[in-house]
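Take a look at the structure below.
Chain letters run A, B, ... following the sequence lines, proteins first, then strands; residues in each count from 1.
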Amino acid sequence: MAHGSVRVRFAPSPTGLLHIGGLRTALYNYLFARKHDGEFVLRIEDTDRSRYVADAEENIVDALNWTGLDYDEGPGVGGEHAPYRQSERGDLYRKYARELVDQGAAYYAFDTEEELDALRARGEDGDGTPAYDSSTRRDMRNSLTMAPETVERKINEGDDYVVRLKVPPQRTIHFDDEVRGGVSFDATEIDDQVLLKSDGMPTYHLANIVDDHLMDISHVIRGEEWLSSTPKHVLMYEALGWDPPTFAHLPLIMSPDSSRGGKLSKRDAERLGIPVYVTDYREAGYEPDGLLNFLALLGWNPGTEQELFDLEEMVEAFSLDRVGSSGVQFDLDKLRWVNEHYIRALSVEELAERARPVADAEGYEVSDERLEEICALVQERVQVAPEVVTDNRYFFEDPEEYEEEGVEKRWTDDSADLLLAYADRLEALDGFDADDLETVLRDLADEKDVGAGAIIHPARLAVSGRSYGPGVFGLMAAVGKEACLRRMRRAAEVLG
RNA sequence: GCCGCGUUCGUCUAGCUUGGUCCAGGACGCCGGCUUUUCACGCCGGUAACACGGGUUCAAAUCCCGUACGCGGUACCA
C-alpha cells in the first residue's frame, strides 16, 4: 500500500433520503477504517444545484448516527480538511481546473449542450462512421481549435464555457481494483468529460479527485457504478502529479425481482414491500445493529461460518479481499432472520421500550408492567419489535373472528361444554397466574377424562382467535381474568 | 450499439490464486421428523447449484478460448 495511514470517506450526494445501498457503502468504509485504525470522513457532494434536496444532508447524518457509524471528520464535527461540503470548496476546484488547462490536460469548450445532444442523436453518418465520438470534439469550438485571443475574448465577454478533460488518444488506462483485480480501458472509449460546468461548479469527477487528494484519502471504496469513470480519474491524478488512491468498487445491490432485475430502485422496492431508505427501516422497527449485520453480509463474507456479528466483530473480521464482485439481491427474509437474533438479545425492558410507541400509536392502553409481561411472552416469536403489538393484538382487544383453519382442526363437539366448565372454575379462582390456570385445566381434563389438548386448543382459540402463539397459560394470565372469561363464553356461544 | 464488469443451490455465499481431499460445504427460505397431551424456540434430517460449448490435463467448479445471459457506464447527475 502506497499510503501510510488509512483514510476513507463516505461521499453521498444530498439528493434525497439515504438509500440502503448508500448505508452499505458507508458501512464498508467504516469497517475498513476501524480495522486499520484509520479515519472515516463524511463528505457531502452537493455540486449539482438542480438535484439538491434541503433536508437530505440531515437525513444522511441522522442515519449514520442511528446506526452508530461515527465519522471522524465531516460537517458538524469539523476536521483539519474542512470544509466538508463541496459547495463550500468551489475556489479549490476552479484553481485545479485552471491548472489542468495550463498543463494541457484540459481545455475550454464553448459547445452548447443542445449542439452535443443533436450530434449524439444523429447516430451514424451514411458511411457508417459515428457522427460523434471521442475525437469529434477536438474539431469543435474550444481552446484546442481556436486562437488563444479568441478564447480569452469569449471568456471575458461572459460566454458560457466548460472545462473538459483532454483524454489522450491511443492509450490504455490500467488500474488495480481491490475487489476486481486489474481493470483496463482504451482511451478512445472515454469521452472528454466536463470537469467544470458552465455555472462554475465542478462535476463529480473533478471535485472528487481534488477532495480525495486534498483530504489525503488512501482508499476509495464506492459502488460499482463508478468503475467506468475511474479511468478519467486516473488520468487527472496523473496530470496533476498526484498518487491515486487505492480503488475498491463494491457490487451493486440488486432488486430481488427476477423478471425485472437491475439496481434496487425505489419503485421496485416499494412494489416488493422492501424498504429502500434507512429511515424506513428505522420506522419499521429494525435494530440498527441487525441492519448493519445483514448489510455487511450482502456482498462480503468473513470466510468462516459466522453469520452474526456485532460491530466490533465485524471490524475485526472485515477485509476488502473478501468482498464479492457480482451483484447481490436483497433478501428481506434474511434480514428478518438476522434481526430476530438481535431482538432476542434485548432485555425485556428494552423490547418493551421499543413496543411502547407502537402500542400508543395503535391506541392501546397498557401499563409498562403489563407490556413487559407481554414482551417476555412474545420475545422469541417476533422478528421485528413492532410485531410485539401488531402481531399480537389479542393482548389488547377481544378477537373478532376465529382463525378458520384452527377452528376446523381444534374445535370439536365437546369444546363448548369443556370451555364453559373451565371458565366457571376459573371464575371461582382467587388469583390468575399461569400455574393456577394450568392446574385447574389439567384437573378438569382428568375429571372429564379428556386430553389436556381438548381444552388447551379451544381455550387458545377463544382467547386469542388463533391456533398459535405463546404458551396458553401465560397468554391467558397476561390477557387477564375478566377478558378471558368473557372471550371463552363468547366463543362457546359463537362456535357452538 | 459500443466499452467495462460479472455468472456455484430460489437467495447470500465457501471453494477458484497453488487443478485431485468437492458425485461441491454453510446460511436464509421451503419440506419432514423429534420435543411440547398448546404455538414457537431448539434439535435432527431433507430439498436444491458449478450458465453453455470447446480445449489443456491422467484429472477442471478450479487453467485457456468462444458463446449466451445479467448488470454497470456511455450527461454541463452523482
With sugar-phosphate meaning primed atoms plus P, OP1 and OP2, does [X] contact a base, only sugar-phosphate, or nothing at under 4.0 Å between heavy atoms?
| X | value |
| --- | --- |
| A:R466 | nothing |
| A:T47 | sugar-phosphate |
| A:V162 | base |
| A:F185 | sugar-phosphate |

* **Opposite nucleotide pairing with B:A27, Watson-Crick or G-U, both atom distances under 3.5 Å** => B:U11

* Structure fact -> Which of B:C5, B:A75, B:A14 is nearest the side chain of A:R180? It is B:C5

* To do: Please tell me which of the listed nucleotides, B:A14, B:A75, B:C3, lies nearest to the side chain of A:Q193?
  => B:A75

* Asked: Stepwise, does the side-chain contact (heavy atoms from CB on, under 4.5 Å) test hold for A:V220 with A:R9?
  -> CA-CA 7 Å; A:V220 168; A:R9 83 297 195 278; 3.5 Å; yes

* Donor-acceptor side-chain pairing of A:S325 and A:H249 below 3.5 angstrom -> no

* **OP1 or OP2 of B:A78 under 4.0 Å from side-chain N/O of A:K197** => yes

* Asked: Hey, which of these two, A:S325 or A:P470, hits RNA chain B nearer its 5' end, going by closest nucleotide?
  -> A:S325

* To do: Considering only NZ, NE, NH1 and NH2 on the basic side and carboxylate oxygens on the acidic side, decide whether A:E340 and A:R344 come within less than 4.0 Å.
  => yes

* Mark yes or no: A:K154 above the aromatic ring of A:F110, with NZ or CZ under 6.0 Å from the six-membered ring centre and no more than 45 degrees from the axis. => yes

